[in-house]
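What follows is one structure encoded as structure tokens, with my remarks underneath.
Here, residue 1 is the first one in the sequence, and each next residue gets the next number. Read the numbers this way: they start at 1 and go in the same order the structure lists the ligands and their atoms.
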Amino acid sequence: MRHLITTKDLSANYIDCLIDSAKEILRYPRAVANDCDGKILAALFYESSTRTRLSFETAMLRLGGKVIGFESAASSSATKGESVADTIRIVSSYADIAVIRHPKEGAALIASMYSSVPVINAGDGGHQHPTQTLTDLLTISKVKGRLCNLTIGFCGDLKFGRTVHSLLEACLKYSGNKYILVSPDELKIPEYIREDLRAEGVEFTETNSLSKNIADMDILYMTRVQRERFFNEEDYVRLKDAYILNKQKLAKAKPDLAVLHPLPRVNEIATEIDKDPRALYFKQAEYGAYVRMALIKDLFREED
Ligand code: NCD
């Protein structure tokens, strides 16, 4: 049985297959409308979510399957002190596949160890968020036609931003990419990812300035400062508006820059950018449902 817990579980070849499959589903959505007939997906959301939960639910419903689950820890037996291990043991006797989001790093891995059905990590604390990565890669592939030989900028909260960690590790599987990591000193990329960058021998820069570096980027991945992972509100308030992408900054960028953001956005992208053809974040969110359809379909194929 296969699970998807981190992007380390994905080979470049497998990512390419999922992206091709998602593109095919985008073209012919009706062709897969019954692929999950009779199957049940359990959505276990211990932490809030709009896009991820609704896109997983949409994906399963569009495949003809059904969805059960909860949308906050408060409405689950976690409030009574039940462990993730016990919950997943039960849930996997009700459902055929489980999606879990949890505020603690490692929760999805624990779930996968006790589950009798495939488990998909929909975000574990500040660690990983591999299906957002598939969404991001589908968007990049659609707009650039490739996932290699790109200069990719990551900007914002690179310390706690799980979408950054997952996407960066996935991009390392493709050759010729260069990385520009823009963050305040306090929110730099974790050392374990810096080690991966070094081990791969790729070109990367760490900087505080978005304005000075935006002209070199093909992709700009903006992120929100992850308020819920901070130890104190004071630090959050000091750092939350460190980078705001506005028209003035975007004027320095390449005409074919792709601006991505996993959303939700707070202040880091001015709404004046939304109509710029380089702003792809709403399209990106739309693609999320299709790539999740491709993933669910594939995990069941492996099961058969
Ligand atoms: C991200 C997440 O939850 O990590 N959102 C998402 O899944 N689309 C990013 C964020 O919350 O900032």
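Between Lys173 and Glu200, none of the side-chain N atoms (NZ, or NE/NH1/NH2) sits under 4.0 Å from a carboxylate O, so this pair counts as no salt bridge. Here Lys144 pairs with Asp256 in a salt bridge; the nearest charged N to carboxylate O distance falls below 4.0 Å. Salt-bridge annotation for Lys39 and Asp96: absent, with no side-chain N of the basic residue lying under 4.0 Å from a carboxylate O of the acidic one.
Protein residues having a heavy atom under 4.0 Å from any atom of ligand 1 are Thr52, Arg101, His129, Gln132, Arg162, Thr163, Arg224, Gln226, Pro262, Leu263, Pro264, listed by chain and number.
With Arg62 contributing its side chain and Pro29 its backbone, the two residues share no donor-acceptor pair below 3.5 Å. Under a 3.5 Å cut-off, the side chain of Ser141 and the backbone N or O of Arg146 do not form any donor-acceptor pair.
Taking Asp241 as the reference, Ile244, Asn267 meet the side-chain contact (heavy atoms from CB on, under 4.5 Å) condition, with sequence neighbours excluded.
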